[in-house]
J.: 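Okay, handing you the structure first.
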There are 2 protein chains.
Amino acid sequence: MGYPERKKQILKILDKRDSMEVQEIADALGISAVTIRRDLQQLADEELLIRTHGGAMKAPPRHPFTAYADKETQAVNKKKYIGKLAAALVKPGDTIFLDCGSTVFTMCAHLKDITPLRIITNSLPVAAAFMDTPGIQVNLAGGEIDSQRKAMHGSKAIEHINSYHADKAFIGTDGLSVKSGLTAFSEKEASISTAMAGSADQLFVLCDSSKIGRDSYQKFAPLSLLNALVTDKEITEKQVAELKEKGVKVVK
Amino acid sequence: MGYPERKKQILKILDKRDSMEVQEIADALGISAVTIRRDLQQLADEELLIRTHGGAMKAPPRHPFTAYADKETQAVNKKKYIGKLAAALVKPGDTIFLDCGSTVFTMCAHLKDITPLRIITNSLPVAAAFMDTPGIQVNLAGGEIDSQRKAMHGSKAIEHINSYHADKAFIGTDGLSVKSGLTAFSEKEASISTAMAGSADQLFVLCDSSKIGRDSYQKFAPLSLLNALVTDKEITEKQVAELKEKGVKVVK
DNA sequence: ATAAAAATAATCAAATTTGATCAAAAGTAA
DNA sequence: TTACTTTTGATCAAATTTGATTATTTTTAT
């Protein structure tokens with residue numbers, strides 16, 4: 001029996017019972033406990049279950065809005081770092097746009113004490129984050145929900161964003177290069193980002209170093225629009241110099 | 001007995017009784033009190049319960065959106081019953097308005113299998129409920145978030161609702177009487193309800209029997225607009241007769 | 001306010017689980 | 001076939017969990 005088969009079996013057991021023990025599974029499938037442990041580790045990495053000593057438990061239903069399926073765990077810390085830096089650019093009394101990316105979302109934890117604050121966003125997780133935060137007023141863009149991105153997209157949402165003005169816009173990007181400027185993975189993301197950029201006095205782009213120098217699918221803004229790029233310390237000096245030459249300030 | 005099993009047992013006890021003592025659990029499970037304390041600490045960290053001296057209390061409902069602060073627990077069952085009845089009025093292929101009340105929210109659990117379905121709402125909990133439900137497209141009204149009601153209100157939201165048309169509207173009410181028709185607790189609620197009622201072919205009002213014959217603060221619709229009132233079995237024959245005379249169909 | 005009682009956190013030892021390492025088996029490609 | 005990679009299983013040191021004991025903190029009673 002190969003891994004795919006075992007994976008299916010293990011999850012099937014877990015679906016019926018809320019928890020199970022390593023030895024128990026090993027016996028049931030006729031596989032050594034060592035292998036089961038390896039399987040459980042892998043499944044735990046995928047967040048399909050929770051590993052406990054001696055066995056595993058069913059994964060708790062993650063909240064529909066706060067759950068960002070972050071595949072690359074090594075990028076999480078970079079993102080958090082960037083979120084903290086970006087949040088430091090926000091001042092009490094500001095009105096800001098926040099887009100629906102996971103990097104921008106990491107700002108939220110650091111914004112709770114910057115009050116009063118007005119946030120305009122198309123992101124449901126952002127809205128959820130400030131649901132019970134006094135002093136922070138959230139304005140949510142309406143429209144069709146994109147359940148993948150947990151955000152509103154489409155013409156209605158664009159129209160909504162366009163009807164407001166903000167001091168600062170914080171947006172993510174899927175690629176940033178001197179040649180192509182800012183690039184997005186999809187038209188949906190690009191159009192929201194463009195709208196926010198166009199209605200704010202200042203534009204800040206959040207982007208971890210791995211995406212710098214990389215181009216994604218769709219161009220949506222030239223570097224000249226940026227007030228600053230917020231990134232992590234792993235950006236190279238060469239990249240910083242190139243961007244500086246183009247007039248882009250780098251915060252790291 | 002391992003941790004997963006204990007965790008389940010502890011939460012099960014807490015589900016029935018609102019609080020419990022350490023020694024009591026230790027005896028019940030045949031586990032040392034020290035271990036129970038460690039378990040309680042962990043569960044408290046997970047916010048699954050609240051630690052007290054000598055024991056633990058049930059945790060307050062934790063997610064910002066799924067948590068409706070339902071003060072009157074005895075009304076919950078009535079509401080669930082009404083939600084089920086109302087959901088039966090929805091057919092695959094419908095486009096429906098759902099407002100942001102807790103009674104209307106109870107419909108959600110019963111709508112998941114009625115696909116395809118298009119839902120237009122100003123309620124964040126409704127949006128959350130269908131986040132991962134294939135076949136159900138949610139359109140969320142934009143605007144300022146009312147954190148009390150976990151919904152969008154204001155002119156932007158009204159405008160959003162007005163720009164759509166639906167087959168059916170399901171709304172709650174804070175009062176319903178032959179004399180005053182439908183009444184709401186606040187202007188905010190009333191204006192959204194009016195907008196939904198005005199843009200739908202059919203209007204269904206969800207209202208538990210305790211609110212029938214009662215008037216709230218603001219009138220927002222005459223009984224003549226109703227296609228049906230969905231309520232519970234405790235409505236009196238006299239009330240049903242009076243409503244019938246006014247042309248209101250009662251579903252119970 | 002003070003003392004007694006109860007609950008908790010900290011410390012330690014025993015038992016169990018685990019992850020790392022390495023060897024065997026199974027699968028792949030040349 | 002052979003050489004090579006991947007998967008699986010066995011062994012053992014390291015880490016984790018558990019319960020007993022003791023010191024500290026919190027609550028209750030006087």
J.: Which ones in residues 5-21 of chain B lie close to DNA chain D, meaning a heavy atom under 4.0 Å from one of its atoms?
T.: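 Here the set is B:R6.
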J.: Can you list the residues that meet the salt bridge (Lys or Arg N to Asp or Glu O under 4.0 Å) rule with A:E242, with sequence neighbours excluded?
T.: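 For A:E242 the salt bridge (Lys or Arg N to Asp or Glu O under 4.0 Å) partners, ignoring immediate neighbours, are A:K238.
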J.: Contact between A:F170 and A:M196 at the side-chain level, heavy atoms closer than 4.5 Å - yes or no?
T.: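 With C-beta onward as the side chain, the pair stays apart.
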J.: How many Å lie between NE2 on B:H53 and C1' on D:dT26, as a whole number?
T.: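 Taking NE2 of B:H53 and C1' of D:dT26, I get 5 Å after rounding.
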J.: Examine A:K233 relative to A:Y81 and say whether NZ or CZ is less than 6.0 Å from the centre of the six-membered ring and inside a 45° cone about the ring axis.
T.: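 Here A:K233 fails the 6.0 Å and 45° test against A:Y81.
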J.: Who pairs with B:E144 by salt bridge (Lys or Arg N to Asp or Glu O under 4.0 Å), at least two apart in sequence or on another chain?
T.: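 Listed in chain order: A:R118.
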J.: Which residues pass the side-chain contact (heavy atoms from CB on, under 4.5 Å) test with B:K8, sequence neighbours left out?
T.: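 Per chain and number, B:K8 pairs via side-chain contact (heavy atoms from CB on, under 4.5 Å) with A:D18, B:E5.
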J.: Sequence neighbours left out, what passes side-chain contact (heavy atoms from CB on, under 4.5 Å) with B:H110? Give chain and number order.
T.: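 Partners of B:H110 under the side-chain contact (heavy atoms from CB on, under 4.5 Å) test: B:K84, B:A87.
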J.: What range of DNA chain C does chain B touch, first nucleotide to last, counting atoms under 4.0 Å from its heavy atoms?
T.: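 That gives a stretch of C:dA7 to C:dT8.
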J.: Establish, yes or no, whether a centroid distance under 6.0 Å links the rings of A:Y217 and A:F185.
T.: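 So the answer is no for these two rings.
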J.: Report the residue (B:T52 or B:R38) whose heavy-atom-nearest nucleotide on DNA chain C is the more 5′ of the two.
T.: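 Result of the comparison: B:T52.
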J.: Salt bridge or not between A:D208 and A:K79? Use side-chain N to carboxylate O under 4.0 Å.
T.: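 A:K79 and A:D208: not salt-bridged.
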